[in-house]
Amino acid sequence: MISFKNINKVYSDGTNAVNNLSFEVEKGQFTTIIGPSGCGKTTTLKMINRLIEPSSGHIFIENRDIRDYDIHELRWNIGYVLQEIALFPHMTIEENISIVPDMKKWSKKKMKERSRELLELVGLDPSIYEKRKPEELSGGEQQRIGVIRALAADPNIILMDEPFSALDPISRENLQTDIKTLQKEIKKTIIFVTHDMNEATALGDKICLMRDGEIIQYDTPENLILNPINEFVKQFIGNKESPWQTAVGVIADRNNEFIKNENEWRQIPSNPQQTVILKDNNGNYINMVKNSEIYDGETLTSDMSLYEATEIFKTSDQQLFPVIKNERLIGALTYRDIVVYLRNHSDIRTGSV
Ligand SMILES: Nc1ncnc2c1ncn2[C@@H]1O[C@H](COP(=O)(O)OP(=O)(O)OP(=O)(O)O)[C@@H](O)[C@H]1O
Ligand SMILES: [Mg+2]
């Protein structure tokens, strides 16, 4: 866990970049930080690996003040993707990727294997790229190297400062998927700065929305969208697209009474005509039951748009749909939920949504 306690940062020229920041990031959680330019995102990130020292306050990692860690060890265990691409120009791509593994005294063989594995992860053929110098790569390719370099030594925490800003939409989406899969598999704690609200909602378990060095709302994407605490939050996430494009995960009913833990359900079976969604003790979806019949059931994924969901609803007999995010059951959705949502988010005067 990373925990900020009353952190302030005043730069030497008097700029107050960060104001009494207190928040916590759970282990294995994906947190996105978003906010207008100059609101203190990079400053916040750089204080975690001590590239910037706070003027006051404390930061803890696993309940230990980061100032009590050996600085090298602290940095080696925190992967960092800088906002500006910062590969070393005189080193090859392979050498750039191997900087931290080399400091950690990995064998040559292990470093080479790791570098190849990571290049493949981001779709760059190792036999072509490993011996090139950064200047022989496009901006987007260099950015991908910046991202995998942060992963090279398998750190527990990864800080990413707008890592995908120089990428075209397709590479960006690919890399977003890679990062998401990676985090799911190896449960890294990731703090990810972005300007892009769609990216923030797609990736973040939680979003930290900042303004003028302060946190305005730190919440799940769903809550930020459904319960913005003020006009600024609304503006920031608003003026997007039609409510039909809202992600299913945003309106999924997290406390749906027909989601049951399998063990509990076996002890107290409910009305047999009622459809029930069963989950295991870890919160993973198992299957559905109706009239004592167990069946797989069609599911919705949380990042599907409402429009896509209605396409599925149209061709299905099911009334109640499990909503899945990273294999976990996060809630349930019915046709009615969608109608109510669209009704509440349409322009009343024209009826258009
Ligand atoms: N070394 C510095 N000396 C003085 N002021 C600084 C310094 N670095 C940043 N600042 C100021 O601190 C504030 C926060 O900067 P920071 O880089 O953290 O913003 P940011 O949210 O990352 O912005 P962006 O989205 O543009 O990257 C800004 O007003 C910036 O001008
Ligand atoms: Mg920045």
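First listed ligand is number 1; within each ligand, the first listed atom is number 1. Counting from 1, the numbers follow the sequence of the chain as shown.
- Side-chain N or O atoms of Tyr218 include none that pairs as donor or acceptor with a backbone N or O of Ser22 at under 3.5 Å.
- Checking side-chain atoms of Lys41 against main-chain N and O of Pro36 turns up a donor-acceptor pair under 3.5 Å.
- Looking at Val193, Thr43, Thr44, it is Thr43 that brings a heavy atom closest to atom 18 (O) of ligand 1.
- For atom 2 (C) of ligand 1, the closest heavy atom belonging to the protein is Tyr11 CD2, 3.4 Å.
- Counted by atom type alone, Tyr285 and Thr299 present zero donor-acceptor pairs between their side chains at under 3.5 Å.
- Side chain to side chain, Thr31 and Gln29 meet the donor-acceptor criterion of an N or O pair below 3.5 Å.
- The protein heavy-atom contact nearest to atom 26 (O) of ligand 1 is Ser37 OG, 2.5 Å.
- Here CG of Leu51 is found 5.0 Å from CZ of Arg75. Values are rounded to the nearest 0.5 Å.
- For the residue pair Asp13 / Thr15, a side-chain donor-acceptor distance below 3.5 Å is found, with atom types taken as modelled.
- The presence of a protein heavy atom under 4.0 Å from atom 31 (O) of ligand 1 is ruled out.
- When the shell of 6.0 Å around OH of Tyr11 is examined, it contains more than 12 heavy atoms from other residues, nucleotides or ligands.
- When only non-hydrogen protein atoms are considered, atom 25 (O) of ligand 1 lies nearest to Lys41 NZ, 2.7 Å.
- The closest donor-acceptor contact from the side chain of Ser55 to the backbone of Val10 lies under 3.5 Å.
- Thr275 and Gln318 are not linked by any side-chain donor-acceptor pair at a separation below 3.5 angstrom, with hydrogens and angles left out of the test.
- Between the side chains of Asn287 and Asp296, no donor N or O sits under 3.5 Å from an acceptor N or O.
- Of the possible polar contacts, one joining the Lys188 side chain to the Pro155 backbone as a donor-acceptor pair under 3.5 Å is found.
- Distances shorter than 4.0 angstrom do not occur between any heavy atom of Met210 and any atom of ligand 1.
- Of all the atoms in ligand 1, the ones that sit under 4.0 Å from a non-hydrogen atom of Gln83 are 27 (O).
- Against a heavy-atom cut-off of under 4.0 Å, His195 is close to the following atoms of ligand 1: 25 (O).
- Atom numbering of ligand 1 starts at 1 in the shown order; those under 4.0 Å from a heavy atom of Thr15 are 5 (N), 11 (C), 12 (O), 29 (O).
- Each of the following atoms of ligand 1 lies closer than 4.0 Å to a heavy atom of Glu162: 25 (O).
- Nearest residue to atom 12 (O) of ligand 1 from Ala17, Cys39, Gly35 is Ala17 (criterion: closest heavy atom).
- Nearest protein neighbour of atom 13 (C) of ligand 1, counting heavy atoms only, is Gly38 O, 3.6 Å.
- Around the Mg ion (ligand 2), the protein atoms of type N, O or S found under 2.8 Å away are Thr42 OG1, Gln83 OE1, listed by chain and number.
- We find that Lys133 and Glu136 are not joined by a salt bridge, their nearest charged nitrogen and carboxylate oxygen being 4.0 Å or further apart.
- The shortest heavy-atom distance from Lys46 to ligand 1 is not under 4.0 Å.
- Residues Lys109 and Glu113 are paired through a salt bridge, judged by an N-O separation under 4.0 Å between the basic side chain and the carboxylate.
- Below 4.0 Å from some heavy atom of Thr42 lie the following atoms of ligand 1, by number and element: 17 (O), 18 (O), 20 (P), 22 (O), 27 (O).
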